[in-house]
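See structure below.
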Amino acid sequence: MCGTLRLKYGDTLVVNAGGSAIGRVFAQLAAVFNYELIAVTRSEAHTEELLRLGAAHVIVTAGMPLREAVLSKTGGRGATAAVDSIGGPDGAALAGCVRPGGTVFSIGLLSGVPADWAALSRLYRVDARPFWLRHWIRHASSADWFGAFEEIMELVRDGRLSLMKIAAGFGLDEVHAAVAAFESGRAGKILLTGGRG
């Protein structure tokens, strides 16, 4: 996706759900590709780790309005691009942080509420739209697909990109135990597998 966004040195990417697994990946990629990352989170709990991984700034949404916070971190210019994992009002607020002509990709819907990306594109004069990896894969050439995969694997092999550890796995019949494990604040991903636990 960073290739699709065409981020380069000096660009600023703002992402919400910064404490999520994908937020941590974007922080590490910021260090690799030399763009500046502003990670937006709901909790101070993720700040130290995100800064260690490569984020330039962490904004906790309990503070000032998001747009004002991003403008203060970018010298009033706004971000070059944004990646939204939440949708709804959070996605709309994130779109308002991107300078005119920038790009906003929606990759998730954690809120369960879609944002009106066409209306947000017109309002903020940005290219705001969903980004579905399966569509990219379908339209990418074999060379592009394998090239992107090899680039990621090289970053993992070199230790420049690491993924969240799996804390526990639960069968579909153990969904209540999986939710309880997640809510306990256990470090790492909680996985639901297709079988029984």
Side-chain angles (χ1 to χ4, degrees), residues 1-5 7 11-33 35-63 66-67 69-70 73 79-98 103-115 117 128-136 148 152 155-156 159-170 175 177-193:
M1 180 183 307
C2 290
T4 305
L5 287 171
L7 295 171
D11 286 343
T12 302
L13 175 67
V14 60
V15 301
N16 57 18
S20 68
I22 193 71
R24 290 173 167 89
V25 167
F26 279 117
Q28 293 171 82
L29 292 177
V32 171
F33 294 112
Y35 62 82
E36 185 173 273
L37 178 75
I38 300 174
V40 180
T41 69
R42 290 182 296 172
S43 166
E44 288 278 359
H46 306 292
T47 300
E48 187 176 320
E49 181 184 14
L50 287 166
L51 292 171
R52 179 183 59 76
L53 289 172
H57 308 284
V58 177
I59 296 172
V60 179
T61 53
L66 183 58
R67 179 176 167 75
V70 170
K73 303 292 186 195
T80 311
V83 175
D84 168 53
S85 296
I86 301 174
D90 290 287
L94 196 71
C97 297
V98 176
T103 303
V104 182
F105 280 159
S106 168
I107 63 169
L109 200 60
L110 292 174
S111 69
V113 180
W117 296 112
R129 56 193 157 101
F131 178 89
W132 292 303
L133 185 58
R134 69 179 185 271
H135 289 179
W136 180 86
I152 292 167
L155 293 174
V156 172
R160 293 186 289 165
L161 179 63
S162 62
L163 306 178
M164 284 183 74
K165 303 283 187 248
I166 297 171
F170 297 89
V175 69
V179 171
F182 171 76
E183 290 177 342
S184 73
R186 185 184 298 194
K189 294 293 274 182
I190 304 296
L191 295 183
L192 283 176
T193 63

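What you see below is based on every heavy atom in this structure, not just the backbone, and it leaves out hydrogens, waters and symmetry mates.
The closest side-chain heavy-atom distance from L161 to V25 is below 4.5 Å. Residues L66 and N16 are not in side-chain contact: their nearest non-hydrogen atoms beyond the backbone lie 4.5 Å or more apart. With contacts defined as side-chain heavy-atom distances shorter than 4.5 Å, the pair L13/F26 qualifies.
Remark: R42 pairs with T61 by the side-chain contact (heavy atoms from CB on, under 4.5 Å) rule, at least two apart or across chains. Not counting sequence neighbours, D90 has no partner by the salt bridge (charged side-chain N to carboxylate O under 4.0 Å, His left out) test. Not counting sequence neighbours, the partners of A30 by the side-chain contact (heavy atoms from CB on, under 4.5 Å) test are Y35, L37. For A92, the side-chain contact (heavy atoms from CB on, under 4.5 Å) partners are L120, not counting sequence neighbours. In this structure, S43 has no side-chain hydrogen bond (donor to acceptor under 3.5 Å, both in side chains) partners at least two apart in sequence or on a different chain. The side-chain contact (heavy atoms from CB on, under 4.5 Å) check on A128 picks up V104, W117, S121, V126, with sequence neighbours excluded. For R129, the salt bridge (charged side-chain N to carboxylate O under 4.0 Å, His left out) partners two or more places apart in sequence, or in a different chain, are D127. In this structure R160 satisfies the salt bridge (charged side-chain N to carboxylate O under 4.0 Å, His left out) test together with D158, sequence neighbours excluded.
Residues V14 and A79 share a closest heavy-atom pair of CG1-CB, 3.7 Å. Nearest heavy-atom pair across L51 and A56 is CD2-O, 3.8 Å. The nearest pair of heavy atoms linking G19 to L50 is N-CD1, 4.3 Å. Closest approach of L109 to V113, counting heavy atoms only: CD1-O, 3.2 Å. Heavy-atom minimum distance, S85 versus A17: CB-CB, 4.0 Å. Of all the heavy atoms in E36 and K73, the pair that sits closest is OE2-O, 4.1 Å.
Summarising the geometry, atom OG belonging to S111 is positioned 7.5 Å from atom CG belonging to D84; distances are rounded to the nearest 0.5 Å.
Under the 3.5 Å distance criterion, the side-chain polar atoms of T80 are matched with a main-chain donor or acceptor of T12. Put simply, the side chain of T41 never gets that close to the backbone of G18: no donor and acceptor are under 3.5 Å apart.
Applying the salt bridge (Lys or Arg N to Asp or Glu O under 4.0 Å) rule to pairs touching residues 44-62 yields R24-E49, E49-R52, sequence neighbours excluded.
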*Just do the side-chain contact (heavy atoms from CB on, under 4.5 Å) check on L155 and L29 with the steps written out, would you?*
CA-CA 9 Å; L155 293 174; L29 292 177; 3.9 Å; yes
*Should F105 and L5 be marked as a side-chain contact (heavy atoms from CB on, under 4.5 Å) after you check the CA-CA gap, both sets of side-chain angles, and the distance that decides it?*
CA-CA 9 Å; F105 280 159; L5 287 171; 3.5 Å; yes
